[in-house]
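Counting starts at 1 for both ligands and their atoms, in listed order.
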Amino acid sequence: MIAAIDIKVTKVERSKLSDTPLENVPFGRYFTDHMLEADFENGEWKNVEIKPYQPLLLSPSVAALHYGQAIFEGIKAFKVEKGEAFIFRPQENYKRFNVSAERMQMPTIPEEIFIEGMRKLIELDKNWIPAKKDHSLYIRPFMFSSDEVIGVRPSDSYKFLIILSPTGPYYIAPMRIYVEEKYTRAAPGGVGYAKAAGNYGGSMLATAEAKKKGYDQVLWTDAVEHKYVQEIGTMNVFFVIGDKAITPDLGAGTILEGVTRDSIITLLKDMGLKVEERPVSIDEVIDAHKAGTLKEVFGTGTAATVTLIRELRYKDYVMEFDTAKWKTVPEVKRRLDDIREGRVEDKRGWMYKI
Ligand code: COI
């Protein structure tokens with residue numbers, strides 16, 4: 001039971017909903033009528049407020065703009081077939097948000113603001129949840145340092161916000177992936193396991209160069225030898241090799257502990273597959289491809305859900321896949337969708353009722 005919290009609510013005078021193409025909405029371009037905002041000042045969270053979605057008024061000296069003390073989460077809410085609304089596993093994102101906050105020397109956020117604030121906000125904007133297949137309401141909680149000082153040190157003040165975006169699929173088609181050996185996303189001791197804004201800014205040059213070569217995204221490799229694979233773009237990565245699904249383990253602190261990753265591991269095990277979380281070298285992937293045992297490659301993430309990889313290129317070696325013949329990925333995605341869209345019993349309590 002989450003403690004009650006006093007949240008001031010100011011509603012919009014006129015909803016923008018009728019101007020928004022919910023039936024065909026791209027990822028992350030439209031935002032709902034309301035947002036939640038809270039301030040951390042003098043060691044405590046205060047001014048928790050739900051109000052009309054609006055610009056922020058910030059001083060140019062705000063620390064986050066200079067030193068990147070900024071973290072975020074991605075969560076989804078669904079309208080199930082009976083018309084009720086649910087959030088998928090928000091407690092896991094709540095825990096991860098506070099892990100990111102600790103890594104970035106930011107204050108943790110209480111559950112009653114993160115979870116209960118999110119629930120109240122979505123309750124207000126629940127007509128914005130698209131009902132269409134592969135659509136959902138994307139929830140973006142985020143926090144940034146807000147001291148107006150340009151000395152390098154953790155801020156004393158922070159802002160926490162939640163905004164909501166009705167959204168369609170993040171990646172539309174199976175992807176072509178370039179195995180990255182020049183740039184690095186994360187190194188041991190770094191911030192790879194945190195959902196820190198800078199991880200995404202730092203990834204854009206490698207992605208842009210891969211795009212110039214005709215690829216959609218990169219497969220990151222480790223910072224030391226560029227030998228062990230880490231993540232694909234903004235997703236965790238899985239390889240189905242023989243009768244096993246293999247995904248890089250979280251031990252080195254370089255990989256984001258994906259909530260979709262965890263859900264997919266659970267569902268793959270339900271399907272009877274052996275799942276191994278361990279270091280995966282690019283040589284192992286290539287050897288499996290040469291031996292004909294590399295069956296399916298896919299990425300998982302909140303935004304992307306489950307995305308098929310149709311080509312993987314390492315140096316001059318190209319691995320192409322006929323994704324239309326795959327069995328594991330469509331089945332595991334169907335099982336996940338069945339839970340999220342309310343067609344099967346939610347045995348593990350993953351759906352949080354709004
Ligand atoms: C997510 O999967 O929710 C992400 O955060 C990835 C991206 C949209 C930044």
Side-chain angles (χ1 to χ4, degrees), residues 25-32 64 68 70-78 86-101 103-104 114-115 118 122 129-130 134-144 160-173 175 177 185-186 191-208 210-211 216-220 230-238 247-248 250 254-265 298-309 332-333 336-337 340 350 352:
V25 70
F27 181 85
R29 297 261 175 82
Y30 294 91
F31 298 94
T32 66
I71 59 170
F72 70 95
E73 269 304 327
I75 309 171
K76 278 179 173 169
F78 297 86
F86 288 84
I87 314 173
F88 185 70
R89 305 191 73 183
Q91 300 284 352
E92 301 308 310
N93 297 83
Y94 168 62
K95 284 185 221 149
R96 191 173 68 182
F97 193 78
N98 281 341
V99 168
S100 300
R103 178 63 183 84
M104 298 301 289
F114 190 99
I115 298 280
M118 180 187 306
I122 300 176
I129 307 178
D134 289 329
H135 286 54
S136 58
L137 187 71
Y138 187 79
I139 307 161
R140 173 51 62 87
F142 61 105
M143 188 203 322
F144 61 90
F160 171 76
L161 291 104
I162 306 178
I163 54 175
L164 307 173
S165 175
T167 209
Y170 193 71
Y171 297 118
I172 312 277
M175 293 169 80
I177 300 297
R185 177 188 171 275
V191 296
Y193 68 89
K195 216 157 167 65
N199 283 341
Y200 295 79
S203 75
M204 289 178 190
L205 177 58
T207 312
K211 285 196 171 146
D216 300 302
Q217 262 299 349
V218 298
L219 172 57
W220 297 104
Q230 293 181 333
E231 296 184 19
I232 284 188
T234 64
M235 301 181 288
N236 293 117
V237 61
F238 286 77
T247 189
L250 307 171
T254 51
I255 289 172
L256 193 76
E257 188 171 354
V259 179
T260 312
R261 174 187 182 276
D262 179 75
S263 311
I264 291 294
I265 289 174
F298 61 101
T300 65
T302 299
T305 308
V306 173
T307 299
L308 287 65
I309 307 304
V332 79
K333 176 160 188 309
L336 183 65
D337 287 343
R340 299 194 306 182
W350 285 352
Y352 186 91

Q. Does one side chain, of Y138 or R140, offer a donor that lies under 3.5 Å from an acceptor on the other?
A. yes
Q) So F238 and F298, would you call those rings parallel, tilted or perpendicular, with 30° and 60° as cut-offs? A) parallel
Q. Does one side chain, of R89 or S263, offer a donor that lies under 3.5 Å from an acceptor on the other?
A. yes
**Q.** Atoms in ligand 1 with a heavy atom of T234 nearer than 4.0 Å
**A.** 6 (C)
Q) For ligand 1, which atoms have a heavy atom of G74 less than 4.0 angstrom away? A) 3 (O)
**Q.** Y138 neighbourhood, listing ligand 1 atoms whose heavy-atom distance to it stays under 4.0 Å
**A.** 1 (C), 3 (O), 4 (C), 5 (O)
(Q) Please confirm whether K195 approaches ligand 1 to less than 4.0 Å, judged on its heavy atoms. (A) yes
Q: Could you list which atoms of ligand 1 come closer than 4.0 Å to a heavy atom of Y200?
A: 9 (C)
(Q) Give me the residue, atom name and distance of the protein heavy atom closest to atom 2 (O) of ligand 1. (A) A303 N, 2.8 Å
Q.
Could you check whether Y200 and F72 have their ring centres less than 6.0 Å apart?
A. yes
Q) Can you name the residues that form a side chain to side chain donor-acceptor pair (under 3.5 Å) with Y170, not counting sequence neighbours? A) none
